[in-house]
S.K.: 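First the structure, then my questions, so here it is.
Just so it is clear: chains get the letters A, B, ... in the order the sequence lines come, proteins before strands, and each one is counted from 1.
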Amino acid sequence: MKMIISNSSSVPIYEQIKKSIIEQIVSDELKEDEAIPSIRNLAQDIKISVMTIKKAYDELEQEGYIISRQGKGTFVARKNTSLVKEKAQKDIEEYIVKIINIANKFEIPKEDIINIFNLFYGSDEK
Amino acid sequence: MKYAVEIKKLKKNYQNFNLKIDNLNIPSGVVVGLIGENGAGKTTLIKLLLNAINKNDGEIKIFDKDLKHNEIQVKEDIGVVLDNSFFPETLNAKNIDTIMKDIYKRWDSKLFYKYLNDFKIKDNQILKAMSKGMRKKVEIATALSHHPKLLILDEATSGLDPIVRNEILDLFFNFIEDEEHTIILSTHITSDLEHIADYIVFIDKGEVVLEKQRDEIIDNYGILKCDTDQFNKIDKLDIVSFKKNKYNYEILIDDKEKCQKKYKDFIIDKITLEDLMLLIIKGGK
């Protein structure tokens with residue numbers, strides 16, 4: 001597992017930890033059923049307080065990314081691709097809302113936005 | 001929840017200073033940072049936790065045992081490092097080992113020597129001939145070598161360079177790897193706490209003014225910066241405290257997210273524990 005945390009970022013540290021672990025699960029760097037460090041071990045290694053890491057782990061468990069087994073440790077949960085896709089879709093929606101807000105602010109018509117989108121999207125397709 | 005320390009209606013009166021803590025519970029397994037300006041009462045509280053001074057009123061329980069009536073038993077579980085060393089300067093580490101063997105039932109010479117070895121400290125060198133950092137390391141090794149469950153540190157890292165501070169913080173992280181271990185550390189170097197502390201207890205003029213999870217403070221509190229016109233538009237209920245500077249206002253807020261939505265054109269900065277201390281102590285309301 002890898003973990004890079006920015007102290008100056010406005011993103012809360014527990015969210016950075018969460019995001020990093022989710023990314024590694026999604027990209028298959030962390031495999032299903034693979035053990036991840038215990039809360040206290042990770043705290044020691046990355047020098048972040050125990051409660052911060054606990055919060056990240058608690059949310060990851062609630063969201064179904066990891067499972068903690070009493071006395072055994074914490075493991076990557078069975079991968080649920082629909083969950084991951086759902087999350088990606090949510091992210092996309094958030095960006096689209098941002099695009100619409102900017103467009104409205106500067107009165108850029110919807111057609112122009114669609115054109116820009118097609119231009120960029122199309123350029124990737126051969 | 002299991003508590004390492006429970007304080008109820010604690011009072012300590014001095015001629016010019018009173019400490020008054022109605023209720024303070026410290027869960028076991030966490031790191032608590034005690035912050036406050038010099039003279040706020042941090043050391044008084046720590047001395048009370050060690051029964052080194054008599055309280056005027058109230059109750060202190062450590063690991064569910066009344067401190068006053070079980071002092072010797074309770075102290076077996078506590079490791080202490082104070083700002084000023086309590087060892088005579090003519091002692092060396094070997095002497096300390098000999099003395100401690102007779103004091104603590106669980107004194108672990110092997111562990112003590114392991115720490116000395118890690119710190120590259122010779123057991124025949126007297127404290128007087130050591131640098132401040134080395135002395136601190138000997139004291140911390142001493143505090144850890146009787147297998148305590150609670151570590152109480154008063155300004156243990158102040159006056160030390162960043163490299164030594166880091167080595168010491170490493171030891172603390174090591175110590176709390178055990179879920180039953182608790183650390184209470186007082187400091188005015190708040191940056192040491194930004195990473196290790198789970199809870200912050202902020203003491204001002206002998207009273208606890210803020211007691212919160214550190215993450216909650218860092219994630220929810222913020223500093224809103226604005227000019228006088230903007231200041232007048234702000235809902236007073238959103239202000240925890242504020243400071244008027246020559247060219248701007250700095251306002252402490254405790255709900256960053258809400259304020260970001262409510263005051264769209266204002267600058268809201270991330271908070272550090274230092275800012276928080278300054279704005280609460282020096283700020284107006």
S.K.: Can A/V50 and B/I176 be said to form a side chain to side chain contact (heavy atoms under 4.5 Å, CB included), step by step?
M.R.: CA-CA 9 Å; A/V50 170; B/I176 51 159; 3.7 Å; yes
S.K.: Considering only heavy atoms, which portion of B/I218 lies under 4.5 Å from any heavy atom of chain A: side chain, backbone, both, or neither?
M.R.: neither
S.K.: Is the number of heavy atoms from other residues, nucleotides or ligands within 6.0 Å of CD1 (A/I4) greater than 12?
M.R.: no
S.K.: Going by side chain to side chain contact (heavy atoms under 4.5 Å, CB included), name the residues that satisfy it together with B/D108, two or more places apart in sequence or in a different chain.
M.R.: B/K110, B/L111, B/H147
S.K.: If you check both backbone and side chains, which donor-acceptor pairs between chain B and chain A fall under 3.5 Å?
M.R.:
| residue | atom | partner | partner atom | Å |
| --- | --- | --- | --- | --- |
| B/G29 | O | A/R40 | NH1 | 3.3 |
| B/G29 | O | A/R40 | NH2 | 2.9 |
| B/D170 | OD1 | A/K47 | NZ | 2.7 |
| B/N174 | OD1 | A/Q44 | NE2 | 3.0 |
| B/I176 | O | A/R40 | NH1 | 2.8 |
| B/H195 | O | A/S49 | N | 2.7 |
| B/D198 | OD1 | A/S49 | OG | 3.1 |
| B/D198 | OD1 | A/V50 | N | 3.2 |
| B/D198 | OD1 | A/M51 | N | 2.7 |
| B/R214 | NH2 | A/S49 | OG | 3.4 |
| B/R214 | NH2 | A/T52 | OG1 | 2.9 |
| B/D215 | OD1 | A/T52 | OG1 | 3.0 |
| B/D215 | OD2 | A/T52 | OG1 | 2.8 |
| B/K270 | NZ | A/N7 | O | 3.0 |
| B/K270 | NZ | A/S9 | O | 2.8 |

S.K.: Just wondering, are more than 12 heavy atoms of other shown residues or ligands nearer than 6.0 Å to CD1 in B/I267?
M.R.: no
